[in-house]
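Structure first, commentary second.
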Amino acid sequence: MDDLAQRLQRPSCITDVPGIAAGHAQMAGRATGCTVVLAAGHAHAAPGGQGAIAAVDVRGAAPGTRETDLLAPGNLVEKVHAIVLCGGSAFGLDAASGVVRWLEEQGQGLDTGVCRVPIVPAAVLFDLLIGDVRIRPDAACGHAACVAAQTQANARTPLAQGNVGAGSGAIVGKMFGLERAMRGGIGSASVRVGGVTVGALIACNAVGDVRHPERGAILAGARAAPGSPQPCDALRALLAGQAPLPALAGSNTTIGVIATDAPLTRPQALRLAGQGHDGLARCITPVHTQSDGDTLFMLSTGLAASSPGAMVLGAMVAEAVALATLRAVLHAQDYADAQLRIPAVAAAQRRALLGA
């Protein structure tokens, strides 16, 4: 067993971070859904909730987001109460309204003097290429994801990965057409050093390929031809002069949340959000393209007594993001409907890395 397989097989999740809970919800009738990361409204939060220091780093050229401007250094609000990752493209941002409603029901939010206002940034991915596009995450879906997060926190059960929540309709490797693509998904991982935990939750819907970060072998991505299991290697094809098919901007994206219990200022959180993209770049080629809306949020609950320092935290962030990205595709399952079949990672590769 190689070192990467050992790291992937070690149980870990973003909910290993103290003060963080997460849950998924799916829509009936189509492969789409949303995922919420709660930094205040979970089962163990105090009334009112303190939230988490937050920052965001957007590297893709076509993001779909909500309330990201308030996270810029210098703006008033420093803490958020939840982050939502959604399918459904811009329509899916409606799921955040349901998260706001659930948090209000729990008494969580920014105290404005007249009421508590939950602060809930969100990012979406485009999964409208399969199924009935009229079905997309709504406020009820966001509310259900919060209920699932509370249940998960109370039961301390593992967070599901693969084609659930925001990863329900994810597809990767669409560089040369949907008929040559493979399944994406959502994955999570955590890393612990010196009493501090960093976790990541990544929904991978990239236009590029997802590959083994150390050996370079493609795990999921564009295939040589429809029906073929042989990878194309989109990056090498582009460099050899093969033209990609025209792609609608924003129809691909990798979005995610990174969290730690290390105490951080917002500028420090912003720097770490940027280093999270290093983890994406280890696994996705090409990444941060004109057709992607790659967006990573960084949360700090500040519950740890100390920090291992910026250098160590940066390494932990990149590692957690890389592992979560790999798990997103390794846990994915084949998709099939009357018109289309999209395969997932080959069983042999899944067994070699996940051991199952």
Side-chain angles (χ1 to χ4, degrees), residues 4-5 8-9 11-14 22 24-27 30-35 85-88 125-131 137 158-175 177-189 200-213 217-223 226-232 234 251-256 279-280 282-285 287 292 294 321-337 340-356:
L4 179 63
L8 285 168
Q9 291 176 28
S12 67
C13 180
I14 192 171
H24 305 297
Q26 286 78 242
M27 296 296 291
R30 190 170 82 84
T32 191
C34 72
T35 298
L85 307 179
C86 317
L125 56 79
F126 187 99
D127 60 6
L128 303 179
L129 295 172
I130 55 176
L159 189 66
Q161 301 180 78
N163 300 125
V164 294
S168 296
I171 304 168
V172 300
K174 300 185 283 290
M175 187 74 68
L178 186 61
E179 70 278 2
R180 290 170 58 181
M182 292 181 67
R183 286 292 258 153
I186 193 166
S188 189
L201 181 67
I202 303 295
C204 186
N205 189 56
V207 70
D209 301 332
V210 179
R211 62 177 72 232
H212 191 298
I218 294 173
L219 300 175
R223 292 171 290 136
S228 170
Q230 186 67 28
C232 165
S251 58
N252 311 275
T253 283
T254 299
I255 54 178
L280 297 185
R282 291 180 190 176
C283 304
I284 301 172
T285 55
V287 70
D292 287 289
D294 301 333
V321 168
L323 292 177
T325 303
L326 294 173
R327 284 178 173 170
V329 298
L330 289 169
H331 283 278
Q333 301 295 318
D334 293 353
Y335 174 85
D337 61 24
L340 185 67
R341 179 183 178 276
I342 304 175
V345 169
Q349 288 178 306
R350 182 181 292 111
R351 284 194 299 272
L353 290 170
L354 293 181

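Here the structure is a predicted model, which means the values were calculated and not measured.
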Practice task
List the steps, then state whether side-chain contact (heavy atoms from CB on, under 4.5 Å) holds for R183 with Q333.
Solution key: CA-CA 7 Å; R183 286 292 258 153; Q333 301 295 318; 5.8 Å; no

Hey, could you give me the [atom1]/[atom2] distance between [X] and [Y], rounded to the nearest 0.5 Å?
{"X": "L354", "Y": "H331", "atom1": "CG", "atom2": "NE2", "answer": "4.5 Å"}
{"X": "R327", "Y": "Q9", "atom1": "CZ", "atom2": "CD", "answer": "9.5 Å"}
{"X": "L323", "Y": "L4", "atom1": "CG", "atom2": "CG", "answer": "6.5 Å"}
{"X": "L129", "Y": "N205", "atom1": "CG", "atom2": "CG", "answer": "8.0 Å"}
{"X": "H24", "Y": "N163", "atom1": "NE2", "atom2": "CG", "answer": "10.5 Å"}
{"X": "T325", "Y": "R282", "atom1": "OG1", "atom2": "CZ", "answer": "10.5 Å"}

Problem - Stepwise side-chain contact (heavy atoms from CB on, under 4.5 Å) test for L353 and H212 - result: CA-CA 10 Å; L353 290 170; H212 191 298; 4.3 Å; yes

So which atom in [X] and which in [Y] form the shortest heavy-atom distance, rounded to 0.1 Å?
{"X": "G131", "Y": "Y335", "value": "N-OH, 4.0 Å"}
{"X": "D209", "Y": "G173", "value": "OD1-CA, 4.1 Å"}
{"X": "A206", "Y": "T254", "value": "CB-OG1, 3.7 Å"}
{"X": "G184", "Y": "A332", "value": "O-CB, 3.2 Å"}
{"X": "I171", "Y": "A181", "value": "CG2-CB, 3.5 Å"}
{"X": "A31", "Y": "S168", "value": "CB-O, 3.5 Å"}

Would you check if [X] and [Y] make a side-chain contact, meaning some heavy-atom pair closer than 4.5 Å?
{"X": "I130", "Y": "L340", "value": "yes"}
{"X": "Q349", "Y": "I218", "value": "no"}
{"X": "D127", "Y": "R30", "value": "yes"}
{"X": "D292", "Y": "V287", "value": "no"}
{"X": "R223", "Y": "P343", "value": "yes"}

Practice task
Go through the steps to decide whether Q161 and L330 satisfy the test side-chain contact (heavy atoms from CB on, under 4.5 Å), and finish with yes or no.
Solution key: CA-CA 9 Å; Q161 301 180 78; L330 289 169; over 6 Å; no

Handout entry: Backbone of A324 reached by a side-chain donor or acceptor of S188 within 3.5 Å
Key =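 No: the side chain of S188 does not pair with the backbone of A324.
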
Problem - Test log, rule side-chain contact (heavy atoms from CB on, under 4.5 Å), inputs D294 and I284 - result: CA-CA 11 Å; D294 301 333; I284 301 172; over 6 Å; no

